[in-house]
Every structure is written in C-alpha cells, then in structure tokens.
Amino acid sequence: MAGFERFVAWRYLMARERKISRLALVLLILGLVLGGGALGGRELLFAKGNPLDLRLETATLMVGVLSIGAYVALALAFLALFFGLLRLWFTFFTVVPLGGVWIGTGALVCVLSVMSGFESDLRNKILGSNAHVQVTREDGDFVEWRDVKAAIDGISGVRGSTPFATSEVVIAANNNGMNVVIKGIDPQTIGSVTDLVRNLEDPGAIDRLQPLVQDELRAPPASSDPAPTADPGPGDLIEGGEPIDFSQSGQAGSAAGAARSASGSAAGSATGSSPTSAVAPTPPPPALEEPEMLDEPFGGDALAMLEDEGAAPGAGSARAQGDLDPAPSDLDVPEEEPFDFSGSGAPPRGDGEPGQSDTDGHVRIIEVPMPSARGSRRTLSLPGVLVGRELVKQTHMYTGQEVRVVSPLSDPANPDATGTPIPFNRDYRVAGIFYTGMYEYDLKQVYVTLDSFQEFLDRGDAVDGIEVRVDNPDDAATYVRRIAQTIGPAYRVVDWTELNRSLFSALKLEKITMFIVLGIVILVASFSIVGNLIMVVFEKGKEIALLKTLGATNWGVMWLFVIRGLMIGIIGTTLGVGMGLTACVLAKRYGIPLNPDVYYIDRLPIHIDISSVVLIAIAGVVISGLAALYPALLAIRIRPANGLRH
C-alpha cells in the first residue's frame, strides 16, 4: 500500500503534459533586455567619459540607478527561468509552494553563512590578539609568576606562555589625548602566544621596544675611580695662589707674580712633596712694560709667546709641540683640498673629475651616511610603545615620535608643592604600528615591555597574570582543568570563551533570531502547501471516497497527503540548499567587496557551517510535512457514501 500511496502522490505533483509557460518566457526576455540595457547605459556613462555632458551629481545618480535596475532585471530574469523550468515538470499548484520553500531555505543558508563568517572572523581576531587561557592570582601580588610559568610550560598541549600586566592610562601626542589600555609584555615570548608580531606593519618594531641608545644620566658609573681628563689643561697653567691684579703697573704685576711663585714653593715645602713629584714653579707672565704694545696684533704678551714657541707672528699653522685641544677621532676630513668658491677659479665638475671647469653649473655632491635611528638622543633613549592604526589616525602620531603616558593612579613618593601625590607619568617613543583588523583593539590597545611597565607604575616584579596558548582553542576548557590541577587553587584559570562570553552570546542570539525570522519564509511557503492540499481534498473528494470504498484505511489516506507535503518539502529544500551553497562558494571564491572604512574588512566573510545547513534542510522538510497534516485530517473525515453521492 505504501508504494501505491507514493505513486499517487507523485502522479498528482507532476504535470500531465509538458509545456512552456508563456508568462515565464515573457518575464525572462523582459529581464534580459532591461538588464542588458541598464548595464550598457552604465558603461556608457562610466567608461565613455560622460558623453551626455551631465553634471557630476546627476551622472553619479544615474549610474547608481542603472546599476540597481540592472541587478533587479537580471534577478527577475533568473526567477522567470527557474520557475519556467519547474513548470515544465510540475503543475502550477505544485510550483508555487516549491518556489516558497526554495526561496526560504536558500536565503536562510546564505544569511547564516554570512553571519557565521562574521563570527569566525571576529573569533580569529580575538584569538589573534588574546591568549586561549588566562591565569591570574586570586589574592595578593603575582610575584612568583616565573615558577608558575615553568609549571604551565610542562603541561602537554601547551604551545607557549607569557607574562602580562595591564592598566588604563591616557596617551597624549600632538595635543591629543586618548584613553587606552596599556599592556606590558615580554617581547621574547609574546610571539608564541598571540599574533602581535605578525600584525606589526614592521616586524622589527618588536625589537625597538627597548631604548635605542643608552641614557648616560640613568646609566650607572663604570667604576668608582675618577675618569681621566679628556681635555687636560696646558702645562704652563698657573694653579693655586692669590689672583694677580694686572690692572696696575708692570712692576706691581711682576712683584705679585714673584710673590705668587714664592707662596707656591712654600706650600710645596710645607706638604713635604718630593722634588720629582712637585709641580715645577711657573714663571710669572711677562709684564706689560710698554703701554704701546697693547696696539700690536694679539696683544703684546700673546705675540711674544707665539714667537717663543717658533710660530711666525700672525700665522695660522699648528705649533710643533702638538694641539692642546685635538680634534675628535670621528671628524670627517675630506682628502680634497678646500676650494674657494668666492674666487673666479673653476670648481670640480659634478662627475668628480678634477681640473675641469664646471661649465654647466653642476655642484659636486658628497653623500654622508646617516644613522638609521632618527630623533634626538633623549627620544632614542626612551622605551618604545606599540600603537594601533586607528589610534594613529585619531592622535596623528608617527613612528619615532615621543609621547607621554599618564596613569590615573598617583605616586605617593612624588607629591607636589601642596603634598598631593602626582599621577604616574612617563615618556615613551612610538616604536611601531600594528593592525589587528578589529577596531576596538587598534584604537584602545598599546603595548610596552614588561619591565618598563613595572617601572612606570612602580609594580616591582609583580605581574597581573600569565597568558597561555594551547594546541586546540576549541578544547580550551580541558586545558583549563589541567592547568588548575597543576598550579593549585590559589590561581584563577579561565579560557577565551569565558573572557568573551557576552560577545559570543550576543552573536549566538543574533543567529537564532535570524534563523527564526527567515524560517518564517518557509512557514509562509507551508501555508501555500496547506491551501493547495485543502483544495485537493474538496476537488478530489469523489476519488477519496472511491479509495475508501475499495478498502483504503483512514491512515492510508492520511499518509497519502503527508507524503505529498513531504515531497514538496524535499524537492524545494534540495533546490534551496543547493542554490544557497552554490552562491556561498562563488562569493567566497571571488569575494564581495566591502568598504573597509565602514565595515573594517575589505570583503564579505563567508563560512559554511555544515551543522546549520543540515538544520535548515531538516526544518524545511519537517515544516512542509506538518503543513500537510490538517488537509490529511480533512480527507479522512470524508464518508464514502457522501463522496460518491456528490
């Protein structure tokens, strides 16, 4: 009996004769003509340089209208083609519910795949900027973090761990301030836990978190011994004694010099210095015997000293005994002789060939190697900070710039004039820029080294916690139990789903809501199934009465109508799921572009969730089958005598 019921149900769904729907054919031709014309007009305005000489606003509006019109017309042509092909095989009353189930299931597959794509993209960004498991201390300062980290690294399945410390601060640059979360990290181990290093625009920025040059003001002295004098005074420098008044006559100055020498000798004898170690007495400077010597070049005494040392008066050559103030060793001295550009001689040519005049006005350019690090020595001696791309846009900072970080916490050891503690503040240098693809992280997260963070907020050796990365992030709950059993109850261990529970709960609620809303489309399609089968009951009442007269049971008649509803659901769901999967695969392969300034992604993310697809298919078939129950109940209420009578 079951085979007979399936045959009857299928025979009713099929068309008695195959024919092309004229309405579908007209709509197909109309859609193709309108769509092709709209696309041609858009190309004419967009690619041909505005041949109608329209204003820019009018031309832009027309291009947008033509684009929308082309898409609508082509969609109409596709629907006409689809329903026209269905009409070749099925009756009109079968095509209508089939189309409803097809549209509902296909739209549901596409929408849930897009929502799953956004969820997957958000999940990857969160796991890229955060660890899979986070370990913090319940009470007290977390100063024994090194032992805890070593114990965590010994657990099987743990790929890496790193300490961290966070605080809310204000970062100021270019008269702009922004509330951010500063995070102290270990540059050596952060790459094994998060994707921070891969998210940097310049991967070498992680090494620039340390000061680029050593700050002498903060550097401890190398030894307690006094350093030798880099620029010693001349040997004839007078030391000790009373100052000499040279404003008097020459005899007074000479007498004062003699007295000064005598006092120096007496002092040396009093201290008991040996003749070899004592400083030899310095002869007094020559007295100004003639007043007219003041008018001579360099003064009379300077001229005499130059003559005594063997240098010609007025000469600029170095003395034979050597320079008292030698030039630094890194002074760049060119090998070429200096050229006097103020004269009429010809300078070297631009190609560096000597002895040729520069007739074309070229000047020889000497390239001087510059250091790779830019900025003042103070800026280069500051610790570095990594900032996000959105924060750079908001505060207009740049790599290498000096910024100030201010904490709302106060420093009790640094009060102001009134005794009020001053908030912690410190200057940093922008070491690099990162881009995670998540707006909140790129705007509100900054990274510094853990030691500079501890020094900045006077944390000592304490940290806030340890971040852990495991092999399988979906199985993070298992690793939470393992880590908790290893390190003991004094620590709190949570996974990434617990840390972001509110966000993923909201996304899950959105998916459920969207499933219900788009499921109403399938429910609407089921109404057409109900109406179609009710009409069949009243139209085929004589046939139903005849079947009962021939021995068909009420259950058999009821099952006949349920099978028809299930067939409509199976065919419509298969077509809808197939169309949805095809659209998702094509969109994922070729991409649907988006505006990154608005959506923060450059293409539509699509992720096909097999469980969601299976759930949609089951829902489409079940709803269609349930829609056939009421008409089936009406069919079994027909009495054979009443049916045959009418």
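When reading the values below, keep in mind they use all heavy atoms of this one structure, side chains included, and skip hydrogens, waters and symmetry mates. Computed from a prediction, not measured in an experiment: that's the story for all the values here.
- Once rounded to the nearest 0.5 Å, the distance linking CG of Leu34 with CG of Leu39 reads 11.0 Å.
- Here the straight-line distance linking atom CG of Asn199 with atom CD1 of Ile433 works out to 13.5 Å at 0.5 Å rounding.
- Residues passing the side-chain hydrogen bond (donor to acceptor under 3.5 Å, both in side chains) test with Asp139: none are found, sequence neighbours excluded.
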Below 3.5 Å, can you tabulate the donor-acceptor pairs from side chains in residues 507-525 to any protein atom, sequence neighbours excluded?
{"from": "Lys511", "atom 1": "NZ", "to": "Ser116", "atom 2": "OG", "distance (Å)": "3.1"}
{"from": "Thr513", "atom 1": "OG1", "to": "Leu509", "atom 2": "O", "distance (Å)": "2.8"}

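- Partners of Phe561 under the ring-ring contact (aromatic ring centres under 6.0 Å, His included) rule, at least two apart in sequence or in another chain, do not exist in this structure.
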Show the numbers, then the answer: is there a side chain to side chain contact (heavy atoms under 4.5 Å, CB included) between His132 and Leu127? CA-CA 7 Å; His132 299 163; Leu127 292 179; 3.7 Å; yes
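- Residues Gly84 and Ala24 come closest through the heavy atom pair CA-CB, 3.7 Å.
- Contact record, Met558 with Leu633: CE-CD2, 4.1 Å, taken as the closest heavy-atom pair.
- Note that the OG1 atom of Thr573 and the CD1 atom of Ile618 stand 10.5 Å from one another [nearest 0.5 Å].
- More than 12 non-hydrogen atoms from other residues, nucleotides or ligands lie less than 6.0 angstrom from OH of Tyr435.
- Between Phe434 and Tyr441, the distance separating the two ring centers is not shorter than 6.0 angstrom.
- Distance CD1/Ile185 to CG/Leu196: 5.0 Å, rounded to 0.5 Å.
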N/O donor-acceptor pairs under 3.5 Å from side chains in residues 622-629, not counting sequence neighbours:
{"from": "Ser624", "atom 1": "OG", "to": "Gly620", "atom 2": "O", "distance (Å)": "2.9"}

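- Residue Val577 forms a side-chain contact (heavy atoms from CB on, under 4.5 Å) with just one option from Val614, Thr582, Val613, and that option is Val613.
- The pair Asp121-Arg603 does not meet the salt-bridge criterion, since no charged nitrogen lies less than 4.0 angstrom from a carboxylate oxygen.
- Side-chain contact between Asp475 and Val470 is absent, with no heavy-atom pair separated by less than 4.5 Å.
- The two atoms that bring Val557 and Ala635 nearest to each other are CG1-CB, 3.8 Å, heavy atoms only.
- The distance from the CD1 atom of Ile152 to the CG atom of Asp147 is 11.0 Å, given to the nearest 0.5 Å.
- Residues that satisfy the salt bridge (charged side-chain N to carboxylate O under 4.0 Å, His left out) test with Arg482, not counting sequence neighbours, are absent from this structure.
- Counting only heavy atoms from C-beta outward, the side chains of Leu386 and Ile206 approach each other to under 4.5 Å.
- Remark: Glu498 does not engage Arg492 in a salt bridge, criterion side-chain N to carboxylate O under 4.0 Å.
- Looking at Phe504 and Thr497, their side chains never come closer than 4.5 Å, going by heavy atoms from C-beta outward.
- The heavy-atom pair separating Val530 from Pro631 by the smallest distance is O-CG, 3.7 Å.
- Between Pro97 and Ile529, the shortest heavy-atom distance links the atoms CB-CG1, 3.5 Å.
- Across all non-hydrogen atoms, the minimal contact from Ala477 to Asp495 is N-OD2, 3.9 Å.
- The backbone N or O of Phe90 lies less than 3.5 Å from a partner atom in the side chain of Arg87, making a donor-acceptor pair.
- One N or O on the side chain of Asp442 and one on the backbone of Thr436 form a donor-acceptor pair closer than 3.5 Å.
- Between the side chains of Ser192 and Thr189, no donor N or O sits under 3.5 Å from an acceptor N or O.
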Give the C-alpha distance, both sets of side-chain angles, the deciding distance and a yes or no for side chain to side chain contact (heavy atoms under 4.5 Å, CB included) between Ile601 and Phe118. CA-CA 10 Å; Ile601 49 177; Phe118 277 105; 3.6 Å; yes
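- Lys444 places no side-chain N or O within 3.5 Å of a backbone atom of Gly388 that could act as its donor or acceptor partner.
- Within the 4.5 Å cutoff, the side chain of Trp89 has no heavy atoms near those of the Val95 side chain.
- Two residues are said to be in side-chain contact when any heavy atoms from C-beta on lie closer than 4.5 Å; Leu23 and Phe83 fail this criterion.
- Between the CE atom in Met115 and the OG atom in Ser120 there is a gap of 13.5 Å [rounded to 0.5 Å].
- Here the side chain of Asp186 pairs no donor or acceptor atom with the backbone of Thr162 at under 3.5 angstrom.
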Would you sort out whether Lys183 and Asp464 count as a salt bridge (charged side-chain N to carboxylate O under 4.0 Å, His left out), showing the intermediate values? CA-CA 10 Å; Lys183 187 173 184 179; Asp464 288 341; over 6 Å; no
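- Side-chain contact between Val133 and Val493 is present, with at least one heavy-atom pair separated by less than 4.5 Å.
- Within the 4.5 Å cutoff, no side-chain heavy atoms of Asn179 are placed close to those of Glu168.
- Side chains of Asp153 and Ser161: a donor on one and an acceptor on the other come within 3.5 Å.
- Between Tyr447 and Ile190, every side-chain heavy-atom pair lies at or beyond the 4.5 Å cut-off.
- For the ring-ring contact (aromatic ring centres under 6.0 Å, His included) test, no residue two or more places apart in sequence or in another chain qualifies with Trp145.
- For Glu138, the CD atom is densely surrounded, since the number of other residues' heavy atoms within 6.0 Å is greater than 12.
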